2 protein chains.
Amino acid sequence: MSDRNWLNNINCQNCSISQLCLPYTLDNSSLDKLDNIIERKRPYHKGELIFQAGEPLRSLYAVRSGSFKSYTVSNDGDAQITAFHLPGDLIGFDSVHSNNYTSFAEALETSMVCEIPYSSLETLSDQLPLLRRQMMRLMSSEISADKQMLSLLNNKSAEQRLATFLLDFSERFKSRGLSSKEFRLSMTRAEIGNYLGLTVETVSRLLSKLHKEAAIQVDGKFILLRDVDRLQSIAGVQLRACATS
Amino acid sequence: MSDRNWLNNINCQNCSISQLCLPYTLDNSSLDKLDNIIERKRPYHKGELIFQAGEPLRSLYAVRSGSFKSYTVSNDGDAQITAFHLPGDLIGFDSVHSNNYTSFAEALETSMVCEIPYSSLETLSDQLPLLRRQMMRLMSSEISADKQMLSLLNNKSAEQRLATFLLDFSERFKSRGLSSKEFRLSMTRAEIGNYLGLTVETVSRLLSKLHKEAAIQVDGKFILLRDVDRLQSIAGVQLRACATS
DNA sequence: CGTGCACTTGAATTCCATCAAAGGTTGTGG
DNA sequence: CCACAACCTTTGATGGAATTCAAGTGCACG
């Protein structure tokens with residue numbers, strides 16, 4: 001079995017998460033072309049980096065299985081996690097404007113990716129308007145999500161942030177065909193805190209609090225959402241009926 | 001003089017800020033094509049909206065003169081300013097993934113824009129790879145800037161945020177050929193605070209503090225940077241010489 | 001000339017960070 | 001397979017930075 005394409009029975013055409021990924025809306029012949037430029041690599045183990053800030057931009061990466069975190073390191077040295085990536089997510093859009101990666105991408109567990117060489121992707125998207133538009137949509141979604149994140153960090157309390165975080169993952173697992181109520185968070189409390197602008201201690205305390213209040217059940221990295229309505233009201237989601245009061 | 005194209009002596013070819021805008025890297029024939037789809041509209045006055053969240057996505061907008069703020073309103077009602085736009089900036093990338101605008105764009109003073117109908121832009125970028133790549137670069141830059149903003153909000157004190165804000169505007173004015181030391185901030189203290197995740201009072205207090213310490217000089221909306229080095233050290237920028245200590 | 005908004009400054013409060021310490025879990029090498 | 005180290009997690013006590021509440025000034029605009 002060759003090192004590259006070591007699982008060559010995998011392709012976009014039969015990929016279970018392709019509707020979350022770049023292939024969305026592509027017709028079969030376009031799918032073939034896209035599939036041809038994609039490389040399937042060996043798995044990354046926990047802690048391994050796909051790329052580092054400063055390295056020349058080679059490829060974008062689509063998560064196939066497992067999960068990753070993206071983070072930046074500011075010039076005064078502190079790291080900031082900017083996203084957690086689940087299967088179907090594309091990694092690297094923040095680096096397209098530069099010739100180098102502007103962030104780090106690190107596996108949170110044993111994970112696999114599809115590597116999409118950027119120059120090939122550019123060439124191919126010259127030929128396939130649908131592919132180009134899907135890329136634009138995905139980048140726009142990322143911008144939109146980042147703006148929402150700004151709003152979360154600027155306006156919400158620690159508890160609201162954590163509740164929003166849990167509901168966000170619930171949605172994301174659901175859209176991947178997994179349980180929206182019961183899931184495993186592959187990142188540590190410290191990583192959740194870093195992402196949400198909180199300390200480890202605060203995250204831990206609030207998880208305990210929500211557990212005590214029976215809104216969730218926490219068992220290490222496993223989370224069970226027991227009272228989604230309550231989480232939503234904590235997160236600050238207005239129900240339609242209350243909106244006009 | 002017709003209402004549309006009321007200043008038809010303006011075009012991308014002679015636009016002083018085109019190197020900051022979409023036209024960058026386009027050749028002359030491509031510039032012509034782009035110029036043909038752009039509409040120059042009457043000025044927007046302070047407080048006027050270019051578009052509102054929920055309206056169907058018609059166009060992207062390039063700031064020609066003046067300034068704008070973009071903001072979102074979360075479902076529990078609080079507004080979050082997500083960007084301030086200066087001449088050359090493109091507005092609307094966060095809405096491309098949707099059929100509707102996801103944010104509001106409001107003039108901070110009397111301002112002009114170039115309107116770029118999105119469907120024409122899509123069609124045109126099918127034909128012009130350079131245009132497409134420039135759009136991707138601009139979107140990627142926005143993603144990158146948003147990630148930096150997340151880091152700022154999560155890791156920095158109020159004073160660091162404000163110093164970073166002032167230095168950011170200094171850079172942006174400089175790249176537009178204006179003074180990097182002396183400029184007018186068209187937004188209110190409350191808007192600065194909203195953007196930076198601070199209250200009006202904190203912004204006001206810190207501006208007074210920096211003024212007293214002679215790092216800046218404040219006269220209403222006019223700011224004079226007196227000690228950029230000091231601002232940079234407050235903002236947390238490491239000088240090269242100190243990086244290895 | 002007065003009304004409304006923007007700005008400034010002070011005092012009290014609060015939420016979360018920090019500091020500290022003690023389990024728990026994971027993984028590794030003997 | 002066990003033992004130990006490294007790291008992750010939890011919980012408590014304390015402190016501080018920024019918000020909130022409050023009051024007053026200044027400025028723009030009708």
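Only this structure's heavy atoms are used, side chains among them; waters, hydrogens and symmetry mates stay out. Since we're looking at a predicted model, the values are computed, not measured. Just so it is clear: chains get the letters A, B, ... in the order the sequence lines come, proteins before strands, and each one is counted from 1.
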Check every strand shown and say whether [X] touches a base, only sugar-phosphate, or nothing at a heavy-atom separation below 4.0 Å.
X: A/Thr188; value: sugar-phosphate
X: B/Lys221; value: sugar-phosphate
X: A/Thr199; value: base
X: B/Gly193; value: nothing
X: A/Leu207; value: nothing
X: B/Lys209; value: nothing

Discussion item. Check this for me: does any side-chain nitrogen of one of B/Glu213 and B/Lys209 sit under 4.0 Å from a carboxylate oxygen of the other?
Written reply: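 Salt bridge: yes.
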
To the nearest Å, how far apart are [X] [atom1] and [N] [atom2]?
X: A/Asp219; N: D/dT9; atom1: CG; atom2: P; answer: 13 Å
X: A/Asp78; N: C/dA17; atom1: CG; atom2: C1'; answer: 15 Å
X: B/Leu162; N: D/dT19; atom1: CG; atom2: P; answer: 12 Å
X: A/Leu196; N: C/dA17; atom1: CG; atom2: P; answer: 11 Å
X: B/Glu109; N: D/dC29; atom1: CD; atom2: C1'; answer: 18 Å
X: A/Asn155; N: D/dT19; atom1: CG; atom2: P; answer: 11 Å
X: B/Leu185; N: C/dC7; atom1: CG; atom2: P; answer: 10 Å
X: A/His45; N: C/dG27; atom1: NE2; atom2: P; answer: 13 Å

Please write out the pairs of protein N or O atoms and N or O atoms of nucleotides 10-13 of chain C separated by less than 3.5 Å, giving the distance to one decimal.
residue : atom : partner  : partner atom : Å
C/dG10  : N7   : B/Arg205 : NH1          : 2.8
C/dG10  : O6   : B/Arg205 : NH2          : 3.4

Worksheet item: Hey, does the Lys NZ or Arg CZ of A/Arg172 hover above the aromatic six-ring of A/Phe169, less than 6.0 Å from the centre and inside 45° of the axis?
Response: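 The answer is yes, since A/Arg172 meets both limits relative to A/Phe169.
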
Discussion item. Show, in sequence, the C-alpha distance, side-chain angles and deciding distance for A/Thr72 and A/Thr102, and conclude whether the side chain to side chain contact (heavy atoms under 4.5 Å, CB included) test is met.
Written reply: CA-CA 7 Å; A/Thr72 59; A/Thr102 57; 5.8 Å; no

Worksheet entry | Axis-to-axis angle between the two ends of the helix from C/dC1-D/dG30 to C/dG30-D/dC1 (five base pairs per end, rounded to 10 degrees) |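 Between the first-five-pair axis and the last-five-pair axis there is 50°.
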
Worksheet item: Should the ring pair A/Tyr44 and A/Phe68 be called parallel, tilted or perpendicular, given that the plane angle runs from 0 to 90° and is split at 30 and 60?
Response: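 Perpendicular, since the angle between the ring planes exceeds 60°.
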
Worksheet item: Any idea how A/Phe104 and A/Tyr71 line up, ring-wise: parallel (<30°), tilted (30 to 60°), or perpendicular (>60°)?
Response: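 Answer is parallel, since the angle falls under 30°.
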
Discussion item. Run A/Leu231 and A/Arg226 through side chain to side chain contact (heavy atoms under 4.5 Å, CB included) and show every step you take.
Written reply: CA-CA 9 Å; A/Leu231 282 177; A/Arg226 299 186 72 88; over 6 Å; no

Discussion item. Can you tell me if B/Lys46 has over 12 outside heavy atoms packed within less than 6.0 Å of its NZ?
Written reply: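 It does not: B/Lys46 NZ has 12 such atoms or fewer within range.
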
Practice prompt. State whether the number of non-hydrogen atoms from other residues, nucleotides or ligands found under 6.0 Å of B/Lys221 atom NZ is greater than 12.
Written response: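 For B/Lys221, atom NZ is crowded (more than 12 foreign heavy atoms under 6.0 Å).
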
Worksheet entry | Separation between OG of A/Ser151 and CG of B/Asn194, rounded to the nearest 0.5 Å |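 Result: 8.5 Å between the selected atoms.
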
Worksheet item: Taking atom types as modelled, is there a side-chain donor on B/Ser70 or B/Ser103 under 3.5 Å from an acceptor on the other?
Response: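 B/Ser70 vs B/Ser103: no donor-acceptor pair found between side chains.
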
Worksheet item: Out of C/dT9, D/dT10, D/dT19, which nucleotide sits closest to the side chain of B/Ser204?
Response: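 Nearest to the side chain of B/Ser204 among the choices is C/dT9.
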
